[in-house]
Amino acid sequence: MPELTTLFVLAGLFLSAIVGEAVLYRDTLRVQINVPPALQEKGFNEPIAEEVFSSEAARIIHGQSVIAAPAIRIHSEPNLLSAIVQPLGLDTAVAALQAQFGVDRLAVVAAIMPGAAKTGEGWTGEGRPDSDEATTPRPAGSNAPPLQMVLVVSQPGSEAAQARLTQADGDPVKLVQRAAQWSMERVVPYRVALAHFLSGTEGDAEGFGLARQTVARALIRPWQPGQAAEHAMLYNVLGLVDTADNDLTGAVAAYRSIDAIPGVPAEVRAQVALNHAIVALALRRPAHAADLLVQATEPASRIDLPGFTSNRRLIEGLVAWGNGDLATAETIFRSVAAEAPLSEAGHHYLGEVLAARGDRDGAATALATARAVHSADPPRQALAVALFWVDPVAGGLTRRF
């Protein structure tokens with residue numbers, strides 16, 4: 001029979017293993033939302049509110065980007081050791097050790113309450129005053145009472161931020177989703193701006209406007225040298241929004257702002273260069289686009305984005321086309337179409353160049369293939385060549401979404 005001391009040692013080792021595992025693998029986003037009884041009676045209870053919040057936060061951070069998603073774990077897969085932590089009351093110890101080992105924990109505490117009657121929806125608090133968000137009239141015929149939420153977001157090593165959000169139409173789901181957006185903007189504003197932009201490409205009428213507002217708020221906040229990549233990508237989103245609005249002058253200004261940011265990784269500059277090159281081609285500046293491509297050539301092999309290499313090749317073909325070298329453009333587009341047979345752009349631009357060269361049959365075949373491989377879903381990354389059609393000869397561009 002084991003001695004008592006041995007049992008104590010084994011128990012200590014067991015608890016240490018539990019806490020150690022939890023420190024590394026437990027969720028780093030903790031959400032607590034109090035829901036009034038009136039909403040709970042309608043089925044919108046606290047677990048549902050917290051699930052809506054977590055789902056929206058997960059959507060925000062999981063967009064494809066040259067910058068890796070932040071290390072925020074939300075609803076991580078449970079296992080035997082982590083399942084023991086809560087019953088044993090070890091959450092406080094886990095949180096303390098996570099902070100000790102540099103694992104950031106984001107804590108969100110909120111309460112939904114009846115809201116004051118007003119003609120729009122907005123929020124107040126540091127980083128997001130009402131004036132930043134256009135007010136919208138209360139929907140006609142809406143009988144739901146307005147809602148508001150008091151929200152406090154805290155993270156180790158920084159001051160807690162709080163806000164009061166109002167939802168004029170009384171929709172608790174929208175209110176919680178906006179709370180998630182506000183909370184994540186405190187930590188990863190670039191990801192929030194990117195999520196709004198991608199929503200705009202998917203048909204959300206408010207997506208581009210919200211992306212622009214998020215970028216504007218984030219750019220006026222202080223930032224550290226270690227955040228140079230995120231700071232540059234905020235301008236990148238702004239450039240894409242301007243491009244989508246056909247404000248090419250504004251897009252050029254946004255991309256030039258990135259040139260002045262020190263410490264931006266080459267991989268980030270490569271993605272920005274490709275987007276800037278599309279704008280340059282739309283402005284009939286193929287020589288400038290060619291110079292920009294040079295920035296994207298060497299880092300391309302280190303960029304883990306779907307289709308990045310083939311998209312860079314597409315722009316090379318567009319530059320050749322813009323310079324009047326149709327033979328080189330055709331060769332490049334044929335190569336892209338062969339290596340990436342599902343590339344709509346490869347077949348589309350091949351068809352356009354063949355038509356310019358007088359090959360009607362070849363053009364018709366290529367354009368028919370482009371239509372056949374067309375996807376109704378826009379890409380989940382902020383790459384201009386995948387989002388816009390550009391005419392390098394006549395200039396101008398059109399949306400592909």
*Asks:* Is any side-chain heavy atom of Val173 less than 4.5 Å from a side-chain heavy atom of Phe44?
*Replies:*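 Yes, their side chains come closer than 4.5 Å.
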
*Asks:* Between NE2 of His348 and CG of Leu367, what distance do you get to the nearest 0.5 Å?
*Replies:*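 Answer rounded to 0.5 Å: 7.0 Å.
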
*Asks:* Can you confirm whether Arg334 sits close enough to Val353 that some side-chain heavy atom of one is under 4.5 Å from a side-chain heavy atom of the other?
*Replies:*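 Result no, sub-4.5 Å side-chain heavy-atom pair not found.
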
*Asks:* So does Asp325 get a backbone contact from the side chain of Asn323, meaning a donor-acceptor N/O pair under 3.5 Å?
*Replies:*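 Not at all, since once roles are kept as given, no pair shorter than 3.5 Å links the two residues.
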
*Asks:* Any side-chain to backbone donor/acceptor pair from Arg312 onto Leu274? Under 3.5 Å, distance only.
*Replies:*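 The answer is no, because no donor-acceptor pair under 3.5 Å joins these two groups.
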
*Asks:* To the nearest 0.5 angstrom, please state how far the CG atom of Leu198 sits from the CG atom of Leu387.
*Replies:*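 Output value for this atom pair is 8.0 Å.
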
*Asks:* What is the minimum heavy-atom distance between Glu50 and Ile33, and which atoms define it?
*Replies:*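 In this case the closest contact between Glu50 and Ile33 is OE2-N, 3.1 Å.
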
*Asks:* Is the Phe208 ring parallel, tilted or perpendicular to the Phe401 ring (thresholds 30°, 60°)?
*Replies:*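 Plane angle over 60°, so perpendicular.
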
*Asks:* Can any side-chain N or O of Gln381 pair as donor or acceptor with the backbone N or O of Pro306 at less than 3.5 Å?
*Replies:*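 Yes; judged by distance alone, with no hydrogens or angles, the pair exists.
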
*Asks:* For Arg400, does the CZ atom have more than 12 heavy-atom neighbours from other residues, nucleotides or ligands under 6.0 Å away?
*Replies:*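 Count over threshold, so yes.
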
*Asks:* Does the side chain of Leu238 reach to within under 4.5 Å of the side chain of Arg212, using non-hydrogen atoms?
*Replies:*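 A side-chain contact exists here, since the closest heavy-atom pair is under 4.5 Å.
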
*Asks:* From Ser183 OG over to Gln155 CD, what is the distance, rounded to the nearest 0.5 angstrom?
*Replies:*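 Between Ser183 OG and Gln155 CD, I get 11.0 Å after rounding to 0.5 Å.
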
*Asks:* With a 4.5 Å heavy-atom cut-off, do Asn246 and Leu397 have their side chains touching?
*Replies:*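 Side-chain contact under 4.5 Å: yes.
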
*Asks:* Would you check if Tyr235 and Val264 make a side-chain contact, meaning some heavy-atom pair closer than 4.5 Å?
*Replies:*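 A side-chain contact under 4.5 Å is absent here.
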
*Asks:* So, do Leu147 and Leu39 sit near enough that their side-chain heavy atoms are less than 4.5 Å apart?
*Replies:*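 Leu147 vs Leu39: side chains touch.
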
*Asks:* Spell out, as yes or no, whether a donor-acceptor pair under 3.5 Å connects the side chain of Gln40 to the backbone of Val35.
*Replies:*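 At least one qualifying donor-acceptor pair exists.
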
*Asks:* Do Leu175 and Gln148 have side-chain heavy atoms sitting under 4.5 Å apart?
*Replies:*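 No, their side chains stay 4.5 Å or more apart.
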
*Asks:* How many angstroms lie between atom CE of Met184 and atom CD1 of Ile60, to the nearest 0.5 angstrom?
*Replies:*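 Between Met184 CE and Ile60 CD1, I get 6.0 Å after rounding to 0.5 Å.
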
*Asks:* So, taking the atom named CD in Glu352 and the one named CH2 in Trp321, what distance separates them when rounded to the nearest 0.5 Å?
*Replies:*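 Output value for this atom pair is 5.0 Å.
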
*Asks:* Answer yes or no: is there a side-chain heavy-atom contact under 4.5 Å between Trp389 and Ile278?
*Replies:*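 When only atoms from C-beta onward are counted, Ile278 and Trp389 do not touch, as no gap falls below 4.5 Å.
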
*Asks:* Check whether any side-chain N or O of Gln271 sits under 3.5 Å from a backbone N or O of Leu383 as a donor-acceptor pair, and report yes or no.
*Replies:*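 No; judged by distance alone, with no hydrogens or angles, the pair does not exist.
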
*Asks:* For the CG atom of Leu248 and the CZ atom of Arg285, what is their distance to the nearest 0.5 Å?
*Replies:*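 Output value for this atom pair is 9.0 Å.
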
*Asks:* Specify the closest pair of heavy atoms between Leu194 and Ala382, including all atoms of both residues, with the distance to one decimal.
*Replies:*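 Closest approach of Leu194 to Ala382: CD1-CB, 3.7 Å.
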
